[in-house]
Amino acid sequence: MLAYVIKRILYAIPVILVVNLITFLLYFKLNSPDDMARLQLGNKHVTTAAIQDWKKEHGYDKPIFYNFHASALHHLTDTLFFEKSLKMLVFDFGQSDANRNISNDLKMRMGPSLAIALPSFILGIIVNVSVALSMVLFRETWIERSMVLLCLIIMSISTLFYIIFGQFIVAKWWHWVPLSGYSPGWSQFKFVILPILIAIISSLGADARWYRAIFLEEANKEYVQLAKAKGLSSMQILLHHVLPNGALPILTGVVVLIPSLFLGSLLLESFFGIPGLGSYTMDAILQQDFAIVRVMVYLGTVLYILGLILTDLAYTYADPRIRLE
Amino acid sequence: MRIQGWIRGPVGLWFIGCKMNKTGQNDSKFFSNILDIIFKFTVILLRFLHFSLRQTKRQQALILITASLLGCYHKPHNDPYHTEDATANIYYGAYSSAPKTLDPAKAYTTDEAQFVSLVYETPLQYQYLTRPWALEPLLATRMPEVVYKDAQGNVTSDPRLAKCSEYTIHIQPGVYYQPHPAFARSQQGGYLYWPLSADAAQAYQQISDFKYTATREVTAEDFVYEIKRLASPAVQSPIYGLMSEHIQGLSTLREEIEQSRSVDLRAYPFAGATVIDKYTYRIDLKDPYPQFIYWLAMSFFAPYPWEADQFYQNPGFADRNLSIDWVPIGTGPYEFVRNNPNQSLQLIRNTNFHGEKVPAGLAARPGKHIPYIDRIEFYLEKEAIPTWNKFLQGYYDQSGIASDTFDQAISYNAQRQPIVSPKLQKKGITLQISTSPTIFYLGFNQLDPVVGGSSAAAQKLRQALSIAVDMNEYIKLFLNGRGEVAQSPLPPGIFGARTGQAGIDPVIFQWQNNQIKRRPLSDAQKLLSEAGYPNGIDVKTGRPLALTLSIMSESNIDEGTLYAWFRQQFAKLNIELNIDSTTYSRFQDKLQNGSTQLFFSGWIADYPDPENFLFLLYGPNAKVEHNGENVANYNNAQFDAWYQAMARMPNGPERQALIDKMVQQVQEDAPWIWGFYPVSYQLSHAWVLDSYANPLMSNTLKYMRILPEIRYQARVAWNPISKWPIILIVLGLFIFIVVAVFAYRKINQRRVSIL
Amino acid sequence: MIHWMFLASDLLFYLLLLFVFFYLIFVYQHDHLQKIWKSIFTQPAAKVSFCIVLFYITIALLDSMHFIVLKDRFGFKADPYTARSVLDLSLMPLPVINEETYSAPFSKHLYQKEWMPTKTGTMQNLFIPLKHTPHIMGTNKIGQDVFYIAIKSIRTGVLLGALTTLLMLPFAIIAAIPAGYFGGWIDDLVQFVYITLSSIPGVLLIAASILAMQIYVEAHPNWFLTNTVRADIRLLTLCAILGLTSWTTLCRIIRAETLKLRESDFVLAARAMGKGSMGIMLRHILPNISHLVLITVVLDFSALVMAEAVLTYIGVGVDPNMYSWGNMIAAARLELAREPVVWWPLMSAFVLMFIFILAINLFADGVRKGFSPRER
């Protein structure tokens, strides 16, 4: 098992390196050090000398890949690529264009992101599983048919509408919760409740349908027929047989998402003014702060690969017959 | 209007009161709860049935009185703040983009100035209410003594004869910095918190982790230290380039710092500023620069303690954003308590504040002293809509007006004057209108062979286009009328700017029936054909004239409409206009290279002096050749000579006459299509007092007052919680459960079950 | 005088429709496919939803036939910079009518009172009547007909879904089948590529590509003269990059299915008969995964239409000057803050988008049921 994990991590290294190189090329092409200096220095009384000075002070005056003027190993290390991109691999993220330490901002923003992502993830699974189970329970009745249709309708509405309508109706019209904002501690409840609700509702359609398919497959198996022959009620069969057996594929299916929860939700956070990593990314895109964007790409990649490894581990845990090699 | 929440009505109270007398405490609670619930339900049901969702004024007042008698200050459910006391003396504001720094030597934008100016103080400041703008001493005891010297070193009274100048500034004694750990000392006398080892520094993650703080009196040395910081390559002050042309020895200082890189700038000799005694210092300028006095009202010249640099030098502090960029040390009326630019910036009264006298024109408040507001909370609001809605709900005290909410906020009276719309008037919201010393314009790059240069043809082409582009329409369409058509580079309120008939640009406008009138298009067409482009056709090539306008693209405005409008303006003269919309960086690039033809630009004044606007057309300031702010690269020897004389002249009839000549010259030459002077509108709630817009002063909060009680009542009244959805949801759930139970029974009765 | 004009996206859309036509012929020639499709169209939901989808696609097609009006004709003013479409023609006079500002659906006047001088010279506060009535879904801030905008937005949604599919499909098939069939280093390479691609957060990749495209366009202003062409190239870039990010899912599915098929009896038999790998992949594997591809593509379609709205809202989607539901929503958000609420632009976008996506989802359901009858 350990050997497998190590192997997977080794396998991930080239992926991360390639992503690192791609992002470096892409974003430095988009935003040259001169542009960064201009954005940073504002537009009043800026001279070319000031731009050169800024670049020098922030280490952007170095060559891109190979430094002919440096000695020995510094040929490769005293370069932009090494300083600004490869250092990310050891989680040394440096300063953002807005003059803040990125690692420090990440730490501060992870909490608010999780405050929304984690409850909506867990509650979302619970709600979706219950909906899926009731669809299986009421199979081939008008209840199921209307639920299936409802799921289809729910998944045909863009998340944007849930957010816009939710904010408008609940916060602006009914005055139930603040329109936007965040505060740490227990008082954050009133800020996060609406985003969480919206997240759950907007994921309801697609996920419930998926779980329903899994449970249905389980319900069609022979042991369920056997249980029925024993005289168990539908509810008992559902809760004691279908649910535990169906839960495994569901859990292994969602494990891949867990690490990405840290990244938060782009839309929800920026609509509701929650200072998490999602709105951090969004602002970085809008303000073209590519130092942050590159870090978020890197984190996204690492967390995704972590999710893949966790999924594999979850499979072995769920089904001991599978052996990882 | 309804009253929020579950505040008990008079009827309910009466019942509870009766029961309490007869039975025991516990019983009464139980009963009161039941009664309460019954009462609430009856009220809700009654309202629901009759749709009578409104209460009379008397009921409202009764409920408010009982509420205050019982002392139950319920905050509305949608209150976004976590202060327990809903009537605390706090000002709530919003900021739309996070500041990039709070360092007084770096902060330059208005976003940054609104925070920096509350914490740092400068030797001088603008008077709050006086117009035209005038300076007054703030940390200084009196206005600086300015001495001009000629080439021989003799004192002269006329700046025009002078070669250099000296500013002697006397500062107030007894000014102390805000409490800060950088000043804290142990009993042995050494500094407690610096220098720290890497391990010891680990213990401090944020500024509140430091147990001890101390202060120190501000001395003249601190002012000199800050001027030295302007030269430091580690600081990267935006005004270094400009100041090195004026302040003696600033560039030499930079070279020296660059070489040895000592953190303590006291070690470097500096010719530009000298400490004379503990409370007096002198700044030496290379040239007579009378406008330098205005810089003394900007945070670049605030006092700065040298201890700060040592303190923030501690290992690892920068990685935790413990730096002068984010944790300031000032002398101003406020100091930061929460400092997270990503979410909220909060300030409280600086306990060491030296006090300030009430500004002229404001009534003194006996027993109270400046600042009047105890605490200021700014919240980051990137989206205009929540900000606006929160303002309407009473959670922000003041607000600007976005273009999309404009016609909701402002209506016009029969005289076409802007007033607060009736809906907002009902809430007691007031409007303030102010013109800031700012101009936006369409520049002609003078280096361009077609539109630039001093030839008569190019001049006539520029004049023709100036007539054709109707800025009045631009203001109406894109600014909701919040602007004034420019006639010259000088905005109103600046010395030398003329109003009325004397102020119009005779090339573009006429004075008819006491009103300003744009010249007819036929005038422009005539000029155009004189320029060699009859009906927009270039006689030399026989092809239609095509021009290119470079614009910095902004995502927040309706670009398509804007570009279409510009094309339409040029199409009036049959000239084809290509719009070259580029990013900020590319735009700056093009200006620097001089590769534009027409471009859209603007200038926000550093200070209210005509020099700060006319220098935008001064030849030696040309962008391409001299890296200056003359982005049109206008070059006229006569204008330059006048400018040199005007710049050093005191305000008076002589200066006015010279400015008139300069303005006339550029009106004739038309290097810019004078665009517009923006006008800003600000809304304040009824509980905000003594707020007057002063575009040059960003710390007016220190003079303002708020009435928190009134604000509280308004918030309660404006944010009634809707109760009917709760009933609907409960009803829906009930129906759902009933249906589910019945359906489940039916399934279990089924003979052939699926499950 | 008019002058026909073909945008790159128009041509690609025609090409896609041509492929669909070929597929129809293919279905006509194969009995088992015919049977399946017949069974699909016996479901009432699939039938109705197909009609709706067809209606949307027809509108998109009409809106993909562009021309430029060089001299005043059909009620259009001569304008060499604006591309008109056949759809505009059929919706006349909506494209050229402009009111002052907002007006509610079926209203006869602007939504707010204004001060107007009367004949006697005094000012009067009254509702200004509209130039043209009725506007079925009212007008927007600059007085354009909202119904017209919402209908024009259909093309953007449909094309984004369709062209993305068109661009990604060949890559997914060409990469995934050999990967599954041959295994070994080809498989490793393909897997490496799709893990790398899917590990980059999609939004950030899209944001970067859109920006790169803009910089490219800025560097070559002579190649992209009009705003229409610029908006079009941006749409295509978005399609390409969305194709790149959604390519990986399809690739994974096809590869897994190919792995299974590789061991199936008919492939083994073909191989024993000495048929070449190329032939086996084309003749035996490709037809057997086509239903999987079809289902995935139809399901992805709705996701892509919704992605357009979100990406445009964030500012990394289609051009801000293009008619699209995302742009409508972005503008409508500000309108909800008005008093009285301006709800009609948002509702129009909502209704048109909802009907379209619901129809696609219903149709996708029908297709899935048709091709895998085991699932209900």
Side-chain angles (χ1 to χ4, degrees), chain A residues 11-12 14-19 22-23 26-27 29-31 139-140 148-149 151-153 155-161 163-165 167-168 172-173 205-206 209 213 216-217 220 260 263 266-267 270-271 281-282 284-286 288 290 293-294 296-305 307-308, chain C residues 45 49 188 191-193 195-212 214-216 299 302-303 305-310 312-316 325-326 329-330 332-333 336-337 341 343 346-347 349-350 353-362 364-365 374-376:
Chain A
Y11 187 73
V15 174
I16 291 174
L17 277 175
V18 169
V19 171
I22 291 175
T23 47
L26 206 54
Y27 291 111
K29 174 95 185 139
L30 290 180
N31 197 28
R139 206 170 154 190
E140 292 194 350
V148 169
L149 186 69
C151 280
L152 214 60
I153 288 174
M155 66 188 270
S156 299
I157 298 173
S158 170
T159 328
L160 281 173
F161 289 114
I163 298 175
I164 293 175
F165 286 139
Q167 203 174 29
F168 180 75
K172 176 144 191 266
W173 187 14
R209 270 162 58 97
L216 271 183
E217 201 178 309
N220 285 334
S260 316
L263 295 178
L266 232 57
L267 280 182
S270 31
F271 264 97
T281 317
M282 180 91 165
I285 294 175
L286 291 179
Q288 310 200 352
F290 293 114
V293 175
R294 283 187 298 122
M296 296 313 289
V297 170
Y298 174 66
L299 279 186
T301 309
V302 169
L303 291 173
Y304 178 79
I305 288 171
L308 289 185
Chain C
S49 58
D188 285 343
Q191 275 200 65
F192 179 78
V193 171
I195 286 183
T196 310
L197 273 179
S198 53
S199 69
I200 302 177
V203 180
L204 300 180
L205 192 66
I206 291 165
S209 318
I210 289 292
L211 267 170
Q214 277 174 313
I215 288 175
Y216 182 77
L299 275 175
S302 61
V305 176
M306 285 205 265
E308 183 272 321
V310 172
T312 307
Y313 184 85
I314 295 177
V316 297
W325 289 320
I329 297 168
R333 173 118 198 275
L336 280 187
V341 174
W343 49 269
L346 185 67
M347 273 329 262
F350 172 73
M353 222 176 131
F354 173 68
I355 292 176
F356 185 43
I357 295 171
L358 186 64
I360 298 172
N361 280 338
L362 278 171
D365 244 25
R374 207 159 42 85
E375 278 180 54
R376 198 183 55 89

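Every heavy atom of this structure was used, including side-chain atoms; hydrogens, water molecules and symmetry mates were not. Throughout, protein chains are lettered first and strands after them, A, B, ... in sequence-line order, and every chain is numbered starting at 1. Everything quoted here is computed from the prediction, not taken from an experiment.
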Between [X] and [Y], what is the shortest heavy-atom contact and its length?
| X | Y | value |
| --- | --- | --- |
| Met353(C) | Ile329(C) | SD-CD1, 4.3 Å |
| Pro201(C) | Met296(A) | CG-O, 4.1 Å |
| Ser49(C) | Ala359(C) | CB-O, 3.2 Å |
| Val297(A) | Leu204(C) | CG2-CD1, 3.5 Å |
| Phe271(A) | Gln167(A) | O-NE2, 3.1 Å |
| Tyr11(A) | Asp188(C) | OH-O, 4.2 Å |

Under a 4.5 Å heavy-atom cut-off, does chain A meet the side chain of [X], its backbone, both or neither?
| X | value |
| --- | --- |
| Ala207(C) | side chain |
| Phe354(C) | both |
| Ile360(C) | neither |
| Ile215(C) | side chain |
| Val305(C) | neither |
| Leu197(C) | neither |
| Val193(C) | neither |

When heavy-atom pairs shorter than 4.5 Å are enumerated against chain A, which of Ile195(C), Ile314(C), Val203(C) gives the highest number?
-> Ile314(C)
Which residue out of [options] racks up the most heavy-atom pairs below 4.5 Å with chain C?
| options | value |
| --- | --- |
| Val302(A), Ile157(A), Leu26(A) | Ile157(A) |
| Thr159(A), Ile305(A), Leu267(A), Leu308(A) | Leu267(A) |
| Leu152(A), Val293(A), Ile285(A), Thr281(A) | Leu152(A) |
| Leu303(A), Ile153(A), Leu149(A) | Ile153(A) |

Against chain C, label Leu266(A) side chain, backbone, both or neither, depending on which of its atoms sit under 4.5 Å from a heavy atom there.
-> side chain
Under 4.5 Å from a heavy atom of chain C, the part of Arg209(A) involved = side chain
Would you please say whether a donor-acceptor pair under 3.5 Å links the side chains of Thr23(A) and Tyr298(A)?
-> no
Considering residues at least two apart in sequence or located in another chain, which fulfil the side chain to side chain contact (heavy atoms under 4.5 Å, CB included) criterion with Val18(A)?
-> Ile22(A), Phe192(C), Thr196(C)
Those residues at least two apart in sequence (or on a different chain) that pass side chain to side chain donor-acceptor pair (under 3.5 Å) with Thr312(C) are Glu308(C)
